[in-house]
Every structure is written in C-alpha cells, then in structure tokens.
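Have a look at the structure below before the remarks.
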Amino acid sequence: MAAGAQGISEHWSSRTAFVLAAIGAAVGLGNIWRFPTLAGESGGGAFVLFYVLCVVLIGMPMILTEIMLGRASGDNADAVGSVAEVAETSGRSRHWALFGGIEVLAAFLILSFYSVVAGWVLYYVWLSGADFLGAFGAFQPFAPAFDHMSQRQVTGMMGGLFASPGQLILQHAIFMGITLGIVALGVTAGLERAARTLMPAFFLLLVLITIYGAFTGDFGRAAAFLFTPDFSKLSPNVMNEALGQAFFSLSLGSAALITYGSYVPKGVRLAPTAGMIAAADTGVAILAGLMIFPIVFSAGLDPAGGPGLVFQTLPVAFQQMPAGALIGFAFFILIFFAALTSSISLLEGPTAWAMRRFGLGRRLTAALVAGAAFLIGVGCALGYNLWSDVRLLAFWPTFADNDILDSIDDLTGKVMLPVAGLGLAVFTGWRADRRLVEVETGLSAGMFLVWRGLVAWLAPAAIFLILLFGLFPGLLG
Ligand code: PHE
C-alpha cells in the first residue's frame with residue numbers, strides 16, 4: 001500500500017477520480033464560508049459579477065495552465081519539479097520554478113489557518129449534532145436548533161469558542177489529524193477514495209439545503225442581493241478581494257492543481273476538465289449564496305455579518321426555522337466534507353514537494369508538513385485570544401489591522417497566489433515550448449489561440465494592475 005520511496009508512479013485510477021478530486025480541492029470553505037462573507041460585506045452583485053469575470057477570463061485558463069504544467073512534466077512531479085522540468089525541456093532557466101516554490105509555500109501557509117477555520121466547523125458539527133440528537137432523544141426530531149437558548153446565547157457561542165485557546169487548538173488538531181490520515185494513504189487509497197465518498201454526499205446535501213432554503217426562506221431577496229450590481233461598490237480593494245478569492249476558491253497558485261495534474265494519466269484530455277472544475281466551483285459558490293442568504297434575510301439578519309455569517313447568523317436563523325436542528329446539523333457536515341477534500345489538496349502539494357526534495361517516504365513527510373502547519377495554526381488560534389494584539393503586517397498599511405489569521409490569509413490570498421499565477425502565466429505564455437504546451441492542453445487550433453491570448457496577455461496584465469492598485473491604494477490618489 002505504501003508508495004514507492006520517491007512517491008513516483010502514483011496516478012489517479014480514472015478521469016472521473018481526477019475530476020472529483022480536483023473539484024474537491026476547489027470546493028471548500030472558500031465557497032461556503034468566504035464567498036458569501038465577502039459578497040455580503042462588499043455589497044453583493046458588483047462583487048459577484050467581477051468575481052465571475054475573474055473566474056472566466058483568468059481562472060479558467062489558469063486552471064488549464066496549472067494542470068497542464070503538472071502533467072507535462074512526465075512522471076509524478078510536484079509544483080516545483082514540474083515547472084523546472086517544463087522550463088528545461090523548453091530550453092529555459094529552471095529558475096522559473098521559483099513560482100512553483102511560491103505555490104508550495106502558499107499552500108503550506110493556507111493549510112495552517114484553513115485547518116483552524118475547519119476546526120470551528122467541526123466544533124459546530126458537534127454542537128449542532130448534539131443539539132439535533134438531543135431533540136431527537138426527546139422525541140422531537142424536528143425541534144428548531146438551539147431552541148433552548150436565546151439569540152444572544154447562540155451568537156455568543158462563537159465568542160466563547162474564540163476565547164478558548166484549548167478548544168480552538170483541539171478542534172484544529174482533530175481536523176489536521178484527519179487530513180493527515182487521508183494524505184498518508186496516498187493518491188488512490190487516500191485522496192481519491194476520500195473524494196469519491198465525500199463529494200457525492202456533499203452535492204446531495206447542498207441541493208437538499210438549497211431547496212429547503214428556497215421554500216422556507218426569502219429567496220427573491222437573496223437573488224436580488226447577489227445578482228443586482230451596484231458598481232459604486234467596486235473599489236480597487238474589492239477587485240483585489242475578488243481576484244484573490246477566485247484564485248483561492250479555484251485552488252490556483254497554491255500547488256494543488258499542478259500536483260493533482262501530475263497524477264493525471266497521459267490519455268486524459270485536460271481542457272474539458274478545466275472547464276468542469278471552474279464551473280462546479282463557481283456553481284457551488286453561487287448556490288452557497290442562494291442557500292445562505294434566503295435564510296439570513298427571512299430571519300431579518302444582516303448579510304454583512306462577516307466571518308460570523310456562517311457561525312453566528314445561520315444558527316440563529318436555523319433556530320427559527322422548521323426542522324432547523326436537522327438542517328443545521330446537515331449544513332455543518334456539508335461544510336466539513338467540503339473543507340476536508342480541500343485541506344487534503346493543501347497538504348498534498350507541499351508533501352509531494354518535500355517527498356521529492358528530501359527523499360523521505362510519504363507518511364513521514366506528510367506528518368512533518370502537517371505538524372509544522374499545525375504549529376503555525378496554533379499561532380492563528382491564539383491570535384483570537386492570548387495573542388490578540390499581535391499584528392504581523394503592521395508595517396503594511398493595507399493589512400496593518402489584521403490579526404494573525406487574517407494576516408496569513410491576506411498575504412497568501414491577496415499577494416502570493418496572484419503573484420504565483422502571474423509568474424506562471426508569463427512563463428507559459430511566453431517562455432514554455434509552444435509545441436509542448438499545444439499538445440498537452442489538447443486544444444483545437446482556434447481555442448488554443450484564445451487560451452494563449454488570455455494566458456499570455458490578459459491574465460498577466462489584469463493580475464498586475466489589480467495587485468498594484470489593490471495593494472497600494474495610495475497610487476490612485
Ligand atoms: N479552494 C479551496 C476552498 O475554496 C481552498 C484551497 C486553496 C485548496 C488552495 C487548495 C489550494 O476552500
């Protein structure tokens with residue numbers, strides 16, 4: 001069962017397995033927690049529209065680029081090795097692999113805080129599960145969730161969790177442990193089997209809860225909120241937010257897609273899969289909005305609830321709704337499944353790199369990477385209580401007020417992922433061997449021109465401008 005010493009010769013057993021795993025990597029907290037939160041805070045429609053533009057014009061071509069780079073490198077390589085190898089085959093400097101290195105580092109950093117947030121989800125799985133089962137024990141299977149508490153008590157639970165370093169770290173440890181357990185099993189027995197089990201269950205729950213929300217909640221108002229753009233809200237900062245969110249949500253710029261691409265068997269056509277990943281990810285983000293906001297509006301709550309939207313606003317809403325205990329429990333399980341298939345990909349990227357770099361076995365390497373990310377995550381968790389004054393990015397006006405978790409989140413999402421994407425877009429569009437790229441992408445001549453135009457011109461220019469004005473708002477006067 002254990003992989004070979006260098007971890008090579010592991011592949012997905014089928015195209016479906018790859019597509020499910022890649023969609024699993026893409027669909028996660030980014031879709032269900034971050035996207036609705038950002039849309040809510042940035043005023044809805046304009047953010048959503050700009051986000052979708054980023055996905056279609058930059059995200060989709062970049063997904064194909066990253067998967068292609070992974071597979072083009074031949075036998076299983078990691079994000080660094082793949083880029084280095086394609087560069088070398090193309091007669092270019094191996095230093096282009098620097099951008100692969102940024103991706104590996106970004107994945108590692110994201111994993112550290114991702115697991116902390118997923119730990120909150122886990123905590124709410126226990127809470128809502130106990131609540132539901134408690135109601136069940138009393139022969140009231142459909143009693144509203146948390147109905148024995150006041151609204152203030154329900155929203156206060158998140159504050160209670162945040163005030164408790166022990167609880168935060170415990171949940172973070174459990175989540176990281178589960179992720180590690182799966183990654184240690186390898187590509188087919190671990191990554192692939194998890195995706196095959198969790199993704200169908202995830203989609204089933206998503207559809208059921210959305211239908212529930214549509215019937216019991218204020219669907220019309222939610223749709224209007226998400227789809228009516230108010231362009232006055234579209235500041236450079238909001239654009240940077242949307243671009244970063246597109247990268248984060250699609251798992252771009254963070255080693256996951258290159259690494260997953262390197263496990264794709266040669267015969268599989270990549271272009272259709274890239275489209276499927278982008279479509280599924282964006283579809284889930286919008287469905288998540290359509291699942292969450294009707295419930296929020298019908299309960300008369302604030303859509304700009306911030307990070308507490310999912311953990312405070314929704315439980316209050318569930319409290320007031322029919323079958324709320326059951327739906328609340330199902331909802332947190334759904335987020336947990338989504339987070340797990342993503343964290344697996346976040347651990348796999350750095351693990352694949354470290355396995356090759358240090359020549360260690362998969363289990364040991366994965367444990368070391370997960371352990372290190374766990375420790376940084378502990379810092380993020382303490383940033384909510386004991387270390388709440390720490391401002392890692394105090395020197396950077398745009399991020400000066402961020403706590404530890406937000407600092408790492410912004411540094412990766414708003415800076416590292418787009419920079420890595422920018423570098424690889426330039427590399428693929430201008431430096432990589434054109435013939436190799438053409439064959440690997442498997443695009444028709446016409447589509448190849450379109451794709452190359454987006455990757456060589458539009459993506460670098462757009463990413464550069466958005467980064468420039470997003471990160472240095474002073475430039476606009
Ligand atoms: N795309 C995942 C999400 O939306 C997070 C992620 C980012 C996973 C980068 C892998 C790499 O939750």
Side-chain angles (χ1 to χ4, degrees), residues 20-39 51 54-55 59-60 62-63 66-67 70 78-79 100 102-121 175-176 179 182-183 191 194-195 198-199 202 206 241-261 277-289 307 310 334-353 369-370 373 405 408-421 424:
L20 278 179
I23 292 178
V27 172
L29 295 173
N31 305 63
I32 300 163
W33 171 65
R34 223 159 168 272
F35 177 81
T37 303
L38 291 178
Y51 174 80
C54 288
V55 169
M60 210 148 69
M62 286 309 294
I63 296 177
E66 293 210 344
I67 302 176
D78 54 275
I102 297 179
E103 298 216 351
V104 170
L105 183 62
F108 171 74
L109 291 174
I110 293 175
L111 175 64
S112 71
F113 75 79
Y114 202 85
S115 169
V116 174
V117 179
W120 309 345
V121 174
F175 187 83
M176 191 68 93
T179 305
I182 295 171
V183 170
L191 277 55
L198 298 175
M199 289 320 286
F202 167 83
L206 180 72
E241 196 90 75
L243 177 76
Q245 170 65 10
F247 268 82
F248 182 87
S249 190
L250 297 170
S251 299
L252 281 168
S254 42
L257 290 178
I258 305 189
T259 311
Y260 277 22
I277 297 166
D281 189 71
T282 309
V284 171
I286 290 176
L287 262 188
V310 159
L334 163 136
I335 314 185
F336 170 64
F337 285 178
L340 187 56
T341 49
S342 295
S343 65
I344 290 170
S345 74
L346 285 165
L347 178 55
E348 178 67 15
T351 299
W353 170 77
V369 175
L405 191 148
I408 302 183
D409 184 357
D410 277 345
L411 190 68
T412 49
K414 288 189 183 157
V415 184
M416 294 174 79
L417 307 189
V419 166
L424 291 184

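Since we're looking at a predicted model, the values are computed, not measured. Both counts, for ligands and for their atoms, begin at 1 and track the order of listing.
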One pair per line, please: each N/O atom of ligand 1 matched with every protein N/O atom under 3.5 Å away, atom names first, then the distance to 0.1 Å.
residue: ligand 1; atom: 1 (N); partner: Ala25; partner atom: O; Å: 3.2
residue: ligand 1; atom: 1 (N); partner: Ala26; partner atom: O; Å: 2.9
residue: ligand 1; atom: 1 (N); partner: Phe248; partner atom: O; Å: 2.8
residue: ligand 1; atom: 1 (N); partner: Ser249; partner atom: O; Å: 3.0
residue: ligand 1; atom: 1 (N); partner: Ser251; partner atom: OG; Å: 3.0
residue: ligand 1; atom: 4 (O); partner: Ala26; partner atom: O; Å: 3.0
residue: ligand 1; atom: 4 (O); partner: Gly30; partner atom: N; Å: 3.3
residue: ligand 1; atom: 4 (O); partner: Asn31; partner atom: OD1; Å: 3.3
residue: ligand 1; atom: 12 (O); partner: Leu29; partner atom: N; Å: 3.0
residue: ligand 1; atom: 12 (O); partner: Gly30; partner atom: N; Å: 2.8
residue: ligand 1; atom: 12 (O); partner: Tyr114; partner atom: OH; Å: 2.6

#### Entry: Thr412 side-chain N/O to Ile408 backbone N/O, donor-acceptor pair under 3.5 Å
yes
### Query
Are the side chain of Asp281 and the backbone N or O of Ala278 linked by a donor-acceptor pair below 3.5 Å?
no
### Query
Parallel, tilted or perpendicular: which fits the ring planes of Trp120 and Trp33, with parallel below 30° and perpendicular above 60°?
perpendicular
### Task
Take the angle between the ring planes of Phe113 and Phe248 and call it parallel below 30°, perpendicular above 60°, tilted in between.
parallel
### Query
Excluding sequence neighbours, so at least two apart, what forms side chain to side chain donor-acceptor pair (under 3.5 Å) with Glu103?
none
### Task
Apply side-chain contact (heavy atoms from CB on, under 4.5 Å) to the pair Leu29 and Val121, showing each step before the final yes or no.
CA-CA 9 Å; Leu29 295 173; Val121 174; 3.9 Å; yes
